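This structure is a prediction, so every number in the text was calculated from the model and none was measured.
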2 protein chains.
Amino acid sequence: MSPSLPVGPTAQTSCADCPAALSGPCQWFAPCLRDKIVAASIHRRFRQGETILPGGQVPARVGIILSGLVKICTIDEHGNDHVLQILHPGEMVGDPFGASVPFSFDAATDATLCLTQRAPMKEAFDRHPDSYAAHLRIAMRQQLELHFAQLSMRGRNSLQRIAYWISTQTPEAGPDRVLSVRILLSRRDLASLLEMTVETLSRNLHQLEDRGVIRIVTPERLEILDATRLRLMARFQDARLKDALQRQGWEWGARAVNLPRFSARGTRADQPTLRQ
Amino acid sequence: MSPSLPVGPTAQTSCADCPAALSGPCQWFAPCLRDKIVAASIHRRFRQGETILPGGQVPARVGIILSGLVKICTIDEHGNDHVLQILHPGEMVGDPFGASVPFSFDAATDATLCLTQRAPMKEAFDRHPDSYAAHLRIAMRQQLELHFAQLSMRGRNSLQRIAYWISTQTPEAGPDRVLSVRILLSRRDLASLLEMTVETLSRNLHQLEDRGVIRIVTPERLEILDATRLRLMARFQDARLKDALQRQGWEWGARAVNLPRFSARGTRADQPTLRQ
DNA sequence: CGGTATTTTGAACTATCTCAACTGGGGTGG
DNA sequence: CCACCCCAGTTGAGATAGTTCAAAATACCG
């Protein structure tokens, strides 16, 4: 078993169709290190509702989601839990550096995870400082996603939030090119994620149906009849964001918007930052 | 100017009382690199409401907040902006690795920032891979804070949210040991941050006063009369979280809570993860 | 089929928003 | 110096989205 072989025999079967193979941490490491990690990995199936990692724990392993959905949730003092975020295949459960997160990670659907011992992974990180940068990028991206999720709630009513959520789901194109979305989450989880009661969720879904935007085939299967109107209702801001990304060449403090009463006051003296 | 000198003459005045001196990125680097960065830094004052960094820009500099508060905000299509997060002295504005963030950073109060050219800082990061780890830790902490902020909204009514916000502020002990809080944010910003209108904010503050929990000395100065009741109203979960952190020795999938219909079904066959 | 869990519907209730008017302090200009 | 203005903050009253509680309907599974 020479260390130059990319993957060992056990790994070959495991990693061939791994959704994290391209995005996850496994590919940051040199083959020899990767082998070690793979050797320390196990696949494990979790049933819907099962707790994968309870809050406040520092687990001996980190997990990468292979299939299914994982919900980050917190249980308040009344026993009702709030879904904060949904994690998809390829994303990580648990911090590889051993930080304890005070939220519980539960299987939102039946799910399989690739569990890796944290110790060898930590070692691999230390030997490959580059991997820190890679992991950092991912962390920043997740934070950005969180900000967006937060944004998708602000100033939106329940109908708009559902419309938004549906339009973020990647639809499957059916036989006659009808776009359909499968709701993998239970009504309870989805309602909690979208900050509303199951009742309003149900009512609003049917309101969307009444307005001819979607069709509820079965409770877990929707057809999107009017994608444009759906996005309008969701107040999708793609356009605005793209615009923002295109404006270039900004410098610090070059523009002041939203001036309250200071507009006329104050010295415009020191503007040390323009150019370079 | 030998590279072994910890700080150059310009820096000495600047960095002596820097709030980021202990927590910020400056202290991750070796003195010689730090000098270079300090040489490329400028202090700059921003007035309340001034835009420090508009959304979607990749600035040539990153800033560290020295004093004042910075709001991360986004302007929706109707022109009203939503405050997503408040940054405090010591925290960073702009990504040192040049990621463009689609949110605008505005001065919530008059504020001073230490602006550093991104290029030399990036260089310092690359030469000191350890600094990646340090920065990663900070990123994770910020993400955790975000999750908490999100949590502080869920399932809470406006009164509870204000109570929560007040109890997160660090109070100053007055002369006769009366705890007082200075509200640096405008009502508009605070209301936006807490997801309510200025009217409800005002009403709820006065309701807290009527209930004898706080006293509104001036619109921007509160006295906390009953800290215990305030925390109760805020539904502070410190206790629960501490509990969670104390439970140790957890392993993956050892416990299943919240079992829906799968409780009786399914094989309990493969539990490959216990011990080690 | 029969029992159970989930989803949907209904109707009363309530927190929050909206719109509009009022207040008071600080700065401005006569 | 005083009157005025302007704006942030406060208060009031009506409108409404969303909750709550309760019950019916549907889907799921042995």
Would you list the atom pairs, donor with acceptor, under 3.5 Å between side chains in residues 193-201 of chain A and any protein atom, with sequence neighbours excluded?
| unit_1 | atom_1 | unit_2 | atom_2 | d |
| --- | --- | --- | --- | --- |
| Thr197(A) | OG1 | Thr200(A) | N | 3.3 |
| Thr197(A) | OG1 | Thr200(A) | OG1 | 2.8 |
| Thr200(A) | OG1 | Thr197(A) | N | 3.2 |
| Thr200(A) | OG1 | Thr197(A) | O | 3.0 |

> What residues, two or more places apart in sequence or in another chain, satisfy side-chain hydrogen bond (donor to acceptor under 3.5 Å, both in side chains) together with Asn157(B)?
Replying inline: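 None.
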>> Suppose we screen for side-chain hydrogen bond (donor to acceptor under 3.5 Å, both in side chains). Which residues come up paired with Gln150(B), at least two apart in sequence or across chains?
In response: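 If we apply the side-chain hydrogen bond (donor to acceptor under 3.5 Å, both in side chains) test to Gln150(B), skipping adjacent residues, there are no hits.
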In chain order, what residues pass the side chain to side chain contact (heavy atoms under 4.5 Å, CB included) check against [X], with sequence neighbours excluded?
X         : answer
Leu179(B) : Pro171(B), Ala173(B), Ile224(B)
Thr112(B) : Arg45(B), Leu66(B), Ser67(B)
Thr228(B) : Asp226(B)

Between [atom2] of [N] and [atom1] of [X], the distance in whole Å:
X         : N       : atom1 : atom2 : value
Asn157(A) : dT19(D) : CG    : P     : 11 Å
Asp189(B) : dA8(D)  : CG    : P     : 11 Å
Arg154(B) : dT19(D) : CZ    : P     : 12 Å

> For Phe105(B), which residues count as a ring pair (Phe, Tyr, Trp, His ring centres under 6.0 Å) partner, sequence neighbours excluded?
Replying inline: none
>> Is the phosphate of dA8(D) approached by Ser186(B) (side-chain N or O, under 4.0 Å from OP1 or OP2)?
In response: no
With 3.5 Å as the limit, what N/O pairs link the protein to nucleotides 23-25 of chain D?
none

> Under a 4.0 Å heavy-atom cut-off, which of residues 197-209 of chain A touch DNA chain C?
Replying inline: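 Heavy-atom cutoff 4.0 Å gives Glu199(A), Ser202(A), Arg203(A), His206(A).
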> 5'-most contact on DNA chain D: Glu195(A) or Leu185(B), nearest heavy atom basis?
Replying inline: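 In this pair, the answer is Leu185(B).
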> By salt bridge (charged side-chain N to carboxylate O under 4.0 Å, His left out), which residues pair with Arg215(A), not counting sequence neighbours?
Replying inline: Glu223(A)
> How would you list, by chain and number, every residue that makes a salt bridge (charged side-chain N to carboxylate O under 4.0 Å, His left out) with Glu209(B), sequence neighbours excluded?
Replying inline: none
> Any salt bridge between Asp110(B) and Arg47(B), counting N to O under 4.0 Å?
Replying inline: yes
> Over its full length, what angle do the end axes of the helix from dC1(C)-dG30(D) to dG30(C)-dC1(D) make, each axis taken from five pairs and the result rounded to 10 degrees?
Replying inline: 40°
